[in-house]
Amino acid sequence: MSVARNTRLLAIWLWTAVTLSLLAWIGVGYPWPVCVLAVLPLLAPLNGLIKGRRYTYAWATLFAVPYLAFALTELLVNPSARWVASISLFLVFGWFCTMVLFLRASPAHRE
């Protein structure tokens with residue numbers, strides 16, 4: 001398999017893991033409607049991630065930034081949620097890096 005295909009598959013798996021990690025915040029006391037609302041924006045890039053659209057991977061990296069900021073803030077401020085914050089931070093950072101790697105590995109279509 002090509003590097004672009006492997007990174008695309010890894011990005012999709014990490015997207016799934018990020019989504020599940022956001023739902024895991026229910027376990028540390030966040031209300032479930034807040035956790036579900038946090039997951040809803042992640043549904044926007046899903047179709048483009050699955051189809052391997054470079055444009056989607058480019059703007060989806062911007063989607064990861066608020067989740068990085070949230071996880072980092074909770075890691076530093078909320079001692080009772082450090083375990084889930086560290087997992088979320090690791091997964092979101094991995095998802096971000098994988099999307100950037102996909103953009104570097106996939107051929108750019110020039111017209």
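The analysis underlying the following values was restricted to heavy atoms, covering all of them including side chains, and did not include hydrogens, waters or symmetry mates. What you are looking at is a predicted structure, and each value in this text was computed from that prediction instead of being measured.
- The nearest pair of heavy atoms linking Arg54 to Pro107 is CD-O, 3.3 Å.
- The distance from the CG atom of Leu68 to the OG1 atom of Thr61 is 10.5 Å, given to the nearest 0.5 Å.
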Side-chain atoms of residues 37-44: list all donor-acceptor pairs with protein atoms under 3.5 Å, sequence neighbours left out, distances to 0.1 Å.
none

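- Listed by first and then second residue, the side chain to side chain donor-acceptor pair (under 3.5 Å) pairs involving residues 15-24 are Ser21-Ser88 (not counting sequence neighbours).
- Going from atom SG of Cys35 over to atom CD1 of Ile26 covers 4.5 Å, rounded to the nearest 0.5 Å.
- For the ring-ring contact (aromatic ring centres under 6.0 Å, His included) test, residues two or more places apart in sequence or in another chain that qualify with Phe63 are Trp59.
- Nearest approach of Leu103 to Ala58, heavy atoms of both residues: CD1-CA, 3.8 Å.
- Annotation: side chain to side chain donor-acceptor pair (under 3.5 Å) contacts involving residues 91-105, sequence neighbours excluded, are absent.
- Thr56 meets the side-chain hydrogen bond (donor to acceptor under 3.5 Å, both in side chains) test with no other residue; sequence neighbours excluded.
- With sequence neighbours excluded, the residues forming a ring-ring contact (aromatic ring centres under 6.0 Å, His included) with Tyr57 are Phe102, listed by chain and number.
- Between Leu10 atom CG and Met99 atom CE the span is 11.0 Å, to the nearest 0.5 Å.
- The shortest non-hydrogen separation linking Ala24 to Val84 is CB-CG2, 3.9 Å.
- Linking ILVMFWY residues whenever their side-chain heavy atoms come closer than 4.5 Å, directly or via other members, places Val77 and Tyr67 in the same cluster.
- Take Pro79 and apply the side-chain contact (heavy atoms from CB on, under 4.5 Å) test, not counting sequence neighbours, and it matches Arg82.
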Using a 3.5 Å cut-off and no angle test, enumerate the donor-acceptor pairs between side-chain atoms of residues 69-76 and protein atoms at least two apart in sequence or in another chain.
| unit_1 | atom_1 | unit_2 | atom_2 | d |
| --- | --- | --- | --- | --- |
| Thr73 | OG1 | Ala69 | O | 2.7 |
| Glu74 | OE1 | Tyr30 | OH | 3.1 |
| Glu74 | OE1 | Asn78 | ND2 | 3.0 |
| Glu74 | OE2 | Tyr30 | OH | 2.8 |

Could you walk me through whether Trp83 and Val28 pass side chain to side chain contact (heavy atoms under 4.5 Å, CB included), step by step?
CA-CA 9 Å; Trp83 67 273; Val28 292; 3.4 Å; yes
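- Cluster annotation: Leu49 is not connected to Phe96 through the hydrophobic network of ILVMFWY side chains, with a link wherever side-chain heavy atoms come within less than 4.5 Å.
- In the hydrophobic clustering of this structure, Val36 groups with Leu91; members are Ile, Leu, Val, Met, Phe, Trp, Tyr whose side-chain heavy atoms approach within less than 4.5 Å, directly or through other members.
- Under the 4.5 Å side-chain heavy-atom criterion for Ile, Leu, Val, Met, Phe, Trp and Tyr, Leu23 and Val34 are members of the same hydrophobic cluster.
- Residues Arg53 and Asn47 are in side-chain contact: their nearest non-hydrogen atoms beyond the backbone lie under 4.5 Å apart.
- Trp32 and Val18 end up in the same hydrophobic cluster when Ile, Leu, Val, Met, Phe, Trp and Tyr side chains are linked at under 4.5 Å.
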